[in-house]
Amino acid sequence: MTSTTNRRQQPIQRPKGTQDIFLDKVALWHAVERTATQLLESAGYSEIRTPVFESTELFKRSVGEDTDIVNKEMYTFEKGDRSLTLRPEGTAGVVRAFIEQGLHRQPKPLKLFYSAPMFRYERPQAGRQRQFHQFGVEVFGADSPAADAEVIQLAMRLFERLGLPNLVLEINNIGDSASRQQFRESFCQLIEPVLLEFCDTCQTRFHTNPFRMLDCKNSACQEHYSEPTVARFLASEWTSEASQKHYTQVTTILDYLKIPYQRNHRLVRGLDYYNATVFEITSTHLGAQNTVCGGGRYDSLVEQLGGPSTPAVGWALGMERLVSLVEDCALPALDYYIVTDQHASALALADQLRQQGKSVEVDLTARAFGKQLATANKRHAHSAIILGEAEASSGQLQIKFLSSGQQIEQSRDDLLKSCKLPEA
RNA sequence: GCGGGUGUUGCCAAGUGGUUAAGGCCCCGGAUUGUGAUUCCGGUAUUCGUGGGUUCAAUUCCCAUCACCCGCCCCA
């Protein structure tokens with residue numbers, strides 16, 4: 001048959017590694033975002049919104065030319081004579097805005113947060129999408145250990161508020177670039193004789209970024225690090241004296257705040273801009289992609305991107321991963337569900353109640369009141385307001401408390417008065 | 001980019017080379033035209049991810065493709 005005229009149109013699917021978020025799921029996202037936003041705003045952080053795409057050059061210069069993110073995971077496209085890239089992470093754009101908008105002239109420290117989609121071209125997997133969302137914080141202009149401790153404290157408190165126990169905070173000090181350069185040389189000298197015993201990727205990393213060898217998951221590679229000479233070298237205080245002092249103070253504050261952590265001297269990060277404090281927060285309920293939150297200090301990035309020398313520290317957390325951990329949380333309940341066949345009057349009442357700060361839904365069908373009550377129950381409404389013909393003309397409403405089944409009569413005016421918010 | 005697994009309705013699923021593709025949840029209608037969470041009755045897949053092949057006949061067999069899942073890798 002050559003006829004294709006009555007063949008059904010092929011539905012268009014969403015691009016691989018992307019998601020539609022709706023109904024209960026989006027309510028959960030809102031709850032998590034609201035909790036995070038409230039916590040951060042209560043600590044003096046303010047939101048920053050930056051473009052979804054930036055100059056490709058920005059990411060090359062900040063994230064690092066040798067990283068996997070820049071090498072093989074960026075969505076880059078050319079327009080006119082410029083190369084643009086969908087942001088693969090949030091810090092670079094925030095730092096660019098910090099410099100471009102002259103935010104270094106704001107009172108220090110400047111504390112910012114963002115919540116935004118990110119894009120990386122990777123093979124999708126549980127907890128790893130091509131479009132994913134990060135919530136992040138950045139503190140500019142504070143070099144004290146208190147800044148490191150505060151951002152960690154806020155991350156841990158956020159997880160606590162969301163009811164997530166059993167998260168593990170790991171922390172490490174990776175020193176400044178000079179000591180890291182020295183460490184790198186000594187490390188390479190030490191490893192070179194046995195380099196051929198490492199896995200292929202480690203052998204590549206030996207030349208590009210030897211630090212990444214340290215967190216290789218291959219057990220054969222890890223065995224080399226338990227050999228006495230190597231182990232002693234790794235555990236040695238190879239970082240600068242200043243960064244050691246800083247690190248000690250950060251952990252002292254964490255102890256004081258009773259925030260549990262594990263030191264992990266093999267913890268390194270995949271982005272080039274970090275120095276001194278680095279940390280990760282992981283969960284055992286996430287499968288292979290178990291990092292919920294990661295971050296650290298990046299004291300030279302602002303200057304490296306052309307701004308005035310400004311110390312900074314921050315983290316980012318993966319919203320999809322976080323939301324998947326919070327899945328059991330109760331959804332916010334509805335205050336009133338209006339059961340009615342008098343829609344004009346019901347819409348007006350709902351409007352007035354909402355102005356008093358109540359959450360209200362009006363039944364928009366013309367179904368029997370019994371069906372409407374059943375819907376009110378499904379919406380987990382606290383109470384149903386029955387507004388039929390009799391109530392509309394008398395102004396006396398029937399209020400039914402759905403948990404007890406008890407029903408009272410109340411005038412429209414009294415109802416509005418009783419839920420009036422206190423004067424500011 | 002590499003290896004392994006899966007794909008039946010909004011969701012969870014059973015099933016077979018051959019008349020109308022189980023069942024449960026959700027949704028919708030009714031019993032009950034103004035009072036819910038229980039109960040009872042009824043309804044909802046021209047179709048088995050998509051495309052092609054083998055066959056008299058394909059959801060079932062074969063190939064390709066797409067999507068998802070689990071690893072590698074990477075990171076939030």
Side-chain angles (χ1 to χ4, degrees), chain A residues 4 6-19 22-24 63 67-73 87-91 115-136 155 199-202 204-205 209 212 215-218 268-271 279-283 286-295 314-325 337 339-342 363 365-381 383-392 398-407:
Chain A
T4 54
N6 53 7
R7 185 180 295 169
R8 202 149 41 126
Q9 280 279 316
Q10 183 81 293
I12 295 169
Q13 294 181 305
R14 66 184 189 278
K16 187 179 192 147
T18 63
Q19 274 191 306
F22 51 92
L23 297 177
D24 287 1
V63 176
T67 61
D68 286 313
I69 292 179
V70 169
N71 272 328
K72 46 191 192 193
E73 297 175 5
R87 60 179 167 214
E89 60 97 46
T91 301
S115 179
M118 305 293 163
F119 306 84
R120 290 183 201 172
Y121 185 75
E122 296 180 274
R123 185 77 172 263
Q125 187 180 320
R128 188 170 78 183
Q129 282 80 42
R130 289 183 173 179
Q131 173 173 343
F132 63 104
H133 298 76
Q134 286 189 337
F135 187 100
C199 70
D200 291 349
T201 36
C202 276
T204 311
R205 285 175 186 147
N209 187 354
R212 300 290 312 163
D215 66 353
C216 179
K217 282 174 190 158
N218 191 317
V268 290
R269 316 236 56 239
L271 287 73
F279 58 90
E280 273 183 17
I281 299 168
T282 56
S283 165
L286 284 173
Q289 310 302 325
N290 64 352
T291 303
V292 191
C293 178
W315 49 250
L317 64 81
M319 284 296 293
E320 281 81 359
R321 293 180 191 178
L322 182 58
V323 166
S324 79
L325 290 173
Y337 190 91
V339 170
T340 189
D341 55 6
Q342 306 290 312
D363 193 297
T365 72
R367 289 188 288 202
F369 282 17
K371 298 281 184 200
Q372 295 195 28
L373 254 330
T375 307
N377 197 44
K378 273 175 211 143
R379 289 280 194 280
H380 301 110
S383 37
I385 298 174
I386 294 153
L387 173 53
E389 206 176 339
E391 290 81 7
Q398 297 295 325
I399 316 284
K400 179 161 188 155
F401 302 105
L402 291 171
S403 52
S404 63
Q406 192 198 352
Q407 187 164 321

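Computation of the quantities below employed the complete heavy-atom set of this structure, encompassing side-chain atoms and omitting hydrogens, waters and symmetry-equivalent molecules. Throughout, protein chains are lettered first and strands after them, A, B, ... in sequence-line order, and every chain is numbered starting at 1.
B/rG43 sits 34 Å from B/rG51 when the C1' atoms are compared, rounded to a whole Å. Nucleotides B/rA45 and B/rC69 place their C1' atoms 25 Å apart, quoted to the nearest Å. Taking the P atoms as reference points, B/rG4 lies 49 Å from B/rG42, given to the whole Å.
At a threshold of 4.0 angstrom between heavy atoms, the contacts of A/Arg269 are confined to the sugar-phosphate backbone, with no base atom among them. Across all strands, A/Leu271 comes closer than 4.0 Å only to sugar-phosphate atoms, never to a base (heavy-atom distances).
If A/Glu73 and A/Tyr121 are placed on RNA chain B by their nearest nucleotide, the residue sitting closer to the 5' end is A/Tyr121.
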Report each atom pair, protein N/O against N/O of nucleotides 41-44 of chain B, whose distance is under 3.5 angstrom.
none

For nucleotides 33-37 of chain B, give me every protein contact, N/O to N/O, under 3.5 Å, one pair per line with atom names.
from: B/rG34; atom 1: O6; to: A/Glu389; atom 2: N; distance (Å): 3.2
from: B/rG34; atom 1: O6; to: A/Ala390; atom 2: N; distance (Å): 3.1
from: B/rG34; atom 1: N1; to: A/Glu391; atom 2: OE1; distance (Å): 2.8
from: B/rG34; atom 1: N1; to: A/Glu391; atom 2: OE2; distance (Å): 3.1
from: B/rG34; atom 1: N2; to: A/Glu391; atom 2: OE2; distance (Å): 2.6
from: B/rU35; atom 1: O2'; to: A/Lys400; atom 2: NZ; distance (Å): 3.3
from: B/rU35; atom 1: O2; to: A/Lys400; atom 2: NZ; distance (Å): 3.3
from: B/rU35; atom 1: O2; to: A/Gln407; atom 2: OE1; distance (Å): 3.1
from: B/rU35; atom 1: N3; to: A/Gln407; atom 2: OE1; distance (Å): 3.2
from: B/rU35; atom 1: N3; to: A/Gln407; atom 2: NE2; distance (Å): 3.2
from: B/rU35; atom 1: O4; to: A/Gln407; atom 2: NE2; distance (Å): 3.1
from: B/rG36; atom 1: N7; to: A/Lys400; atom 2: NZ; distance (Å): 3.1
from: B/rG36; atom 1: O6; to: A/Leu402; atom 2: O; distance (Å): 3.3
from: B/rG36; atom 1: O6; to: A/Gly405; atom 2: N; distance (Å): 3.2
from: B/rG36; atom 1: N1; to: A/Leu402; atom 2: O; distance (Å): 2.3
from: B/rG36; atom 1: N2; to: A/Asn377; atom 2: OD1; distance (Å): 2.2
from: B/rG36; atom 1: N2; to: A/Leu402; atom 2: O; distance (Å): 3.1
from: B/rA37; atom 1: O4'; to: A/Asn377; atom 2: ND2; distance (Å): 3.4
from: B/rA37; atom 1: N1; to: A/Leu402; atom 2: O; distance (Å): 3.4

Using atom names, set out every protein N or O paired with an N or O of nucleotides 65-73 of chain B below 3.5 Å, distance rounded to 0.1 Å.
from: B/rC66; atom 1: O2'; to: A/Gln13; atom 2: OE1; distance (Å): 2.8
from: B/rA67; atom 1: OP2; to: A/Lys16; atom 2: NZ; distance (Å): 3.4
from: B/rC68; atom 1: OP1; to: A/Gly17; atom 2: N; distance (Å): 2.8
from: B/rC70; atom 1: OP2; to: A/Ala126; atom 2: N; distance (Å): 2.5
from: B/rG71; atom 1: OP1; to: A/Ala288; atom 2: N; distance (Å): 3.4
from: B/rC72; atom 1: N4; to: A/Arg128; atom 2: NH2; distance (Å): 3.3
from: B/rC73; atom 1: O3'; to: A/Arg205; atom 2: NH2; distance (Å): 3.3
from: B/rC73; atom 1: N3; to: A/Arg128; atom 2: NH1; distance (Å): 2.8
from: B/rC73; atom 1: N4; to: A/Arg128; atom 2: NH1; distance (Å): 3.4
from: B/rC73; atom 1: N4; to: A/Gln289; atom 2: NE2; distance (Å): 2.8

Study note, to complete from the structure: Each base of RNA chain B marked ( ) or [ ] if paired in-strand (Watson-Crick or G-U under 3.5 Å), | if paired to another strand and . if unpaired gives (((((((..(((.....[....))).(((((.......))))).....(((((..]....))))))))))))....
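Among residues two or more places apart in sequence or in another chain, the salt bridge (Lys or Arg N to Asp or Glu O under 4.0 Å) test is passed with A/Lys72 by A/Asp68. With sequence neighbours excluded, the residues forming a side chain to side chain contact (heavy atoms under 4.5 Å, CB included) with A/Asn290 are A/Thr282, A/Leu286, listed by chain and number. Residues passing the side chain to side chain contact (heavy atoms under 4.5 Å, CB included) test with A/Thr375 are A/Tyr337, A/Asp363, A/Arg367, A/Arg379, sequence neighbours excluded. Evaluation of the side-chain hydrogen bond (donor to acceptor under 3.5 Å, both in side chains) rule for A/Gln289 yields no partner, not counting sequence neighbours. With sequence neighbours excluded, the residues that form a side-chain hydrogen bond (donor to acceptor under 3.5 Å, both in side chains) with A/Glu320 are A/His133. Taking A/Lys371 as the reference, nothing meets the side-chain hydrogen bond (donor to acceptor under 3.5 Å, both in side chains) condition, with sequence neighbours excluded. Scanning for side chain to side chain contact (heavy atoms under 4.5 Å, CB included) contacts around A/Gln13 gives an empty result, with sequence neighbours left out.
Looking at heavy atoms from C-beta onward, A/Phe132 lies in side-chain contact with A/Arg120 at the 4.5 angstrom threshold. At a threshold of 4.5 Å between non-hydrogen side-chain atoms, the residues A/His380 and A/Leu402 do not count as touching.
Between A/Glu280 and A/Arg269 there is a salt bridge, with a side-chain nitrogen of the basic residue lying less than 4.0 Å from a carboxylate oxygen of the acidic one.
Judged by distance alone, with hydrogens and angles left aside, the side-chain atoms of A/Thr340 form a donor-acceptor pair with the main-chain N or O of A/Leu387 at under 3.5 Å.
Distance, A/Gln372 CD to B/rC27 P: 15 Å, rounded to whole Å.
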Please output the side-chain donor-acceptor pairs of residues 123-130 of chain A that fall under 3.5 Å, not counting sequence neighbours, one pair per line with the distance.
from: A/Arg128; atom 1: NE; to: A/Arg123; atom 2: O; distance (Å): 2.9
from: A/Arg128; atom 1: NH2; to: A/Arg123; atom 2: O; distance (Å): 2.6
from: A/Arg130; atom 1: NE; to: A/Glu122; atom 2: O; distance (Å): 2.8
from: A/Arg130; atom 1: NH2; to: A/Glu122; atom 2: O; distance (Å): 3.4

